[in-house]
Amino acid sequence: MDILAEIARLKAERNALILAHNYQRPEVQDIADFTGDSLELARKASGIDAPVVVFCGVHFMAETAAILNPDKRILSPDPTAGCPMADMIDAAQLREFKAAHPGAATVCYVNSTAEVKAESDCCCTSGNAEKILAHYEGREVLFVPDQHLGSVVAERLGREVIVWPGYCPTHARIRPEDILELKAAHPGAVAMTHPECAKPVRDAADEVLSTGQMCAFAKKSAAKEFIVATEEGILHRLRQENPDKVFYPVSPWAICPNMKKTTLEKVYFCLRDNAPAVEVDPAIAVRARRAIDQMLAWS
Ligand code: 13P
Ligand code: SF4
């Protein structure tokens, strides 16, 4: 069986759209209608025409698409592809956190469950966190679940942000010496890192960028070599979009096992079976949507 031809046939038959995150396997990115970062995918998901969407990413991303499109069928090729950072805080823990800081605004990274979004005033992604938090000037802000993105925004805005101690296990594997060694070997290379990296890693890099911002930066930069301190899946897009430039992965360990769960076979099966679809409790979805809509309105 020619799996690519079968996917194309089923996709046309179901009038389906395939969305993929920048960390997906190269062959999955290649069959997607659109590949992007969390913010770009959330934006795409808010204006979908197709009745069926195959979301190649992790669960919170497909869940966000489902919340924004209650009338569409959002398929998840592997519903077990979660995000360990998103699971580092639940709704009960967030309610306790809020109770300890009455009057504070709550901003949640989009890497969170629908229940946590439902308890939050606004969502953000790594691409718009600063813009979102600027709207809460003069107010105490609780930021969940990523301590590192929360600290980046606090540093950039020059104010205190009370962060939840969550983190990404994949970005936690990246060490400052990984960047420093590559810089020594390639002195002309610009080091780009993701805000989910810890401060010593960010300090060793030249730029702190979301995955979408990395793609835009690499395109417009005059530099010819780049050290890429984030999940390795993004190298595929960077190399495709910049064939004249060289990209060095920061470490062989920067691989998100959940992002890699989506394979061409699973995309084929979910198109064939029109399942599994993402389901969100409608009462939670309505409340979570307010936080997502607020983010989209401000970004
Ligand atoms: P981006 O929003 O930069 O794509 O990041 C999403 C993510 O999960 C990073 O680990
Ligand atoms: Fe979650 Fe980290 Fe994987 Fe992103 S890279 S989906 S934050 S575990």
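For reference, positions follow the sequence shown, starting with 1. Start at 1 and go down the list; that is how both ligands and their atoms are numbered.
Annotation: Tyr268, atom OH; neighbour count of heavy atoms from other residues, nucleotides and ligands within 6.0 Å is above 12. More than 12 heavy atoms of other residues, nucleotides or ligands lie within 6.0 Å of CG in Asn15, so this atom counts as buried by the packing criterion.
Salt-bridge check for Arg9 with Glu6: passed, with a basic side-chain N closer than 4.0 Å to an acidic carboxylate O. At a threshold of 4.0 Å, the pair Arg290-Asp293 does not count as salt-bridged, since none of the basic side-chain nitrogens sits closer than that to a carboxylate oxygen. The pair Lys183-Asp206 meets the salt-bridge criterion, with a side-chain N (NZ, NE, NH1 or NH2) lying under 4.0 Å from an Asp/Glu carboxylate O. Remark: Lys11 engages Asp33 in a salt bridge, criterion side-chain N to carboxylate O under 4.0 Å.
Residues Val58 and Val278 share a hydrophobic cluster, clusters being chains of Ile/Leu/Val/Met/Phe/Trp/Tyr side chains in contact below 4.5 Å. Hydrophobic clustering (ILVMFWY, side-chain heavy atoms < 4.5 Å, transitive): Met214 and Ile227 are in distinct clusters.
Contact residues of ligand 1 (protein heavy atom closer than 4.0 angstrom to a ligand atom; sorted by chain and number): His21, Tyr23, Asp37, Ser38, Tyr109, Asn111, Ser126, His171, His194, Glu196, Ser210, Thr211.
Side-chain atoms of Trp298 do not come within 3.5 Å of backbone N or O of Ala134 as any donor-acceptor pair. Between the side chain of Lys260 and the backbone N or O of Tyr23 there is at least one donor-acceptor pair closer than 3.5 Å.
Nearby protein atoms of type N, O or S around atom 3 (Fe) of ligand 2 amount to 1 (distance under 2.8 Å).
The ligand atoms of ligand 2 that sit less than 4.0 angstrom from a heavy atom of Glu196 are 2 (Fe), 7 (S).
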